[in-house]
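All heavy atoms count here, side chains included; hydrogens, waters and symmetry mates do not. Whatever order the structure lists ligands and atoms in, that order sets their numbers, starting from 1.
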Amino acid sequence: MKIAVMGGDGFVGWPTSLHLSDAGHEVHIVDNLSRRWIDTELGVQSLTPMDSIQERTRIWHAETGRRIHFHLIDLAKDYEILKQWLAEERPDAIIHFAEQRAAPYSMKTDRHKNYTVDNNVNATHNLLNALVEIDLDAHVVHLGTMGVYGYSTVGAAIPEGYLPVDITTNSGDKVSQEILYPSNPGSIYHMTKCLDQLLFAFYAKNDGLRITDLHQGIVWGTHTEQTKRHTQLINRFDYDGDYGTVLNRFLIQAAIGYPLTVHGVGGQTRAFIHIQDSVRCIELALNNPPEKNARVEIFNQMTETHRVRDLAKMISDMSGVEIAWLPNPRKEAPENDLIVKNDKFLALGLNPTTLKEGLLGEIVDIAKKYAYRVDRKRVPAVSAWTKDIATKINRDPEGKSLKSVS
Ligand code: NAD
Ligand code: USQ
């Protein structure tokens, strides 16, 4: 297949591009490199040293003889360029990672809220709009989030995208139908993923676009089979308070002896998936596209759920690093249960990588190797969800009045 990977320079996009190229597909990365600019804005860098995208693809070619092509295009701003590129290249499938993906970054200031909505909603809409305009029947595989469902305890398993409901009609009859699971976003970022869902539903219904939306949990780990092949193929690994996600942050904190940053009492339960499983799931989704004019195909792309304090305790026991119970900068339920269905990927042959398989220690070792690159001042999460929370926890979203916990 000829595959366009929108956002292929990012944390999930890069290993996915390598995996698909290795499997024999023709891979084209389209990226505006905004994530690298955001590192500069925040004054942070990936724990792992990343080469330029051109250098990464050169090394991949030298190692494997396979080419990954790179195209510098902004999906949100360069509509005409994107449309022309799609019309010329006519990929069979398009994987859409190209969005601002950090909830804390999206809540930082009013400017960051605007940026996240403008970037994410326009990127998705421009892509769908262009496909219709140039009459291209490419399968779109979008990386969505488990966060569209929200994190309130419902006492029932979360289905894969659609909820069966019974309705009593005006004439008193009972009818059953499936609706998109009610969205309940917990941040501006998660809200943009809910808006994406409506765009997908409309374009599938109106124009018959073939779309798969992967409601992904928190991705942990950094290496995949392909990124391990050469030091310069290494994946990015975020640890800072905006882009670092909880489990990867705890592992890096364990490596540098930084008290594990649990928000509140750590009762938040979240869904997780290892990066290697994430790229496998994307391949499975690519190989199983929906029919034309079918409704949007939705998978829950996660393999297990964990409570934040249980993760912290596990890593604290493993490393001897203590736990810091911090005021929560987010507005979220202090405790929630979470049961999620992921039957569809299991039925397609996914064999989940779980937390107990020695991988945690391997990641701590990687983090120790690059610990000299960590700026400890960038570890605390300083972006507060509301002005009240910012005042209460004595934090300035830009980090100016922050007292370090280390
Ligand atoms: P990332 O920030 O590392 O990568 C996103 C890539 O998209 C970056 O290379 C960035 O430069 C590019 N990009 C952003 N806006 C763009 C635009 N307008 N035009 C072109 N390129 C653009 O993020 P990631 O962790 O790789 O996540 C990829 C996708 O998966 C995101 O959509 C995210 O919402 C979703 N996701 C990620 C996780 C996770 O834990 N990392 C979990 C669930 C879902
Ligand atoms: N948390 C801590 N300590 C930390 C960091 C986070 O206790 O140092 C807590 C948060 O308060 C939250 C939970 O851990 O309750 C998860 O936070 P996170 O930053 O790991 O994950 P989240 O903000 O939800 O976002 C990440 C990705 C996003 C993706 C989402 C999937 O950045 O792109 O969509 O995970 S999900 O969580 O399933 O919605």
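Atom 35 (C) of ligand 1 has its nearest heavy-atom neighbour, among Ile218, Leu143, Asn32, in Leu143. Atom 32 (O) of ligand 1 has its nearest heavy-atom neighbour, among Lys193, Arg101, His142, His96, in Lys193. In the candidate list Thr192, Asp196, Val219, Val219 is nearest to atom 39 (C) of ligand 1, counting heavy atoms.
Any N or O atom pair closer than 3.5 Å counts here, and Val12 shares at least one such pair with ligand 1. Looking at ligand 1, you won't find any N or O of Arg36 less than 3.5 Å from one of its N or O atoms.
Between Asp277 and Arg280 there is a salt bridge, with a side-chain nitrogen of the basic residue lying less than 4.0 Å from a carboxylate oxygen of the acidic one. A salt bridge is absent between Asp240 and Arg249: the closest approach of a Lys/Arg side-chain nitrogen to an acidic carboxylate oxygen does not fall below 4.0 angstrom.
Ligand 2 lies under 4.0 Å from heavy atoms of Arg101, Ala103, Thr145, Met146, Gly147, Tyr151, Tyr189, His190, Gln216, Gly217, Ile218, Thr245, Val246, Arg249, Thr261, Val262, His263, Gln268, Arg270, Val308, Arg330, Glu332.
With sequence neighbours excluded, the residues forming a side chain to side chain donor-acceptor pair (under 3.5 Å) with Asp137 are Arg210, listed by chain and number. Legend: residues meeting salt bridge (Lys or Arg N to Asp or Glu O under 4.0 Å) with Arg35, ordered by chain and number and at least two apart, are Asp39, Asp238.
Remark: distances from the non-hydrogen atoms of Gly147 to ligand 1 are all 4.0 Å or more.
Counting heavy atoms closer than 4.0 Å to ligand 1, residue Thr145 contributes nothing at all. The part of Leu33 lying near ligand 1 is the backbone, judged by heavy-atom distances below 4.0 Å. Residue contacts with ligand 1 for Ile73 involve N, CA, C or O but no side-chain atom from C-beta outward (heavy atoms, distance under 4.0 Å).
Among residue pairs with one or both ends in residues 178-193, those qualifying as salt bridge (charged side-chain N to carboxylate O under 4.0 Å, His left out) are Glu99-Lys193, Glu178-Arg295; sequence neighbours excluded.
Annotation for ligand 1: atoms under 4.0 Å from non-hydrogen atoms of Tyr189 are 33 (C), 34 (O).
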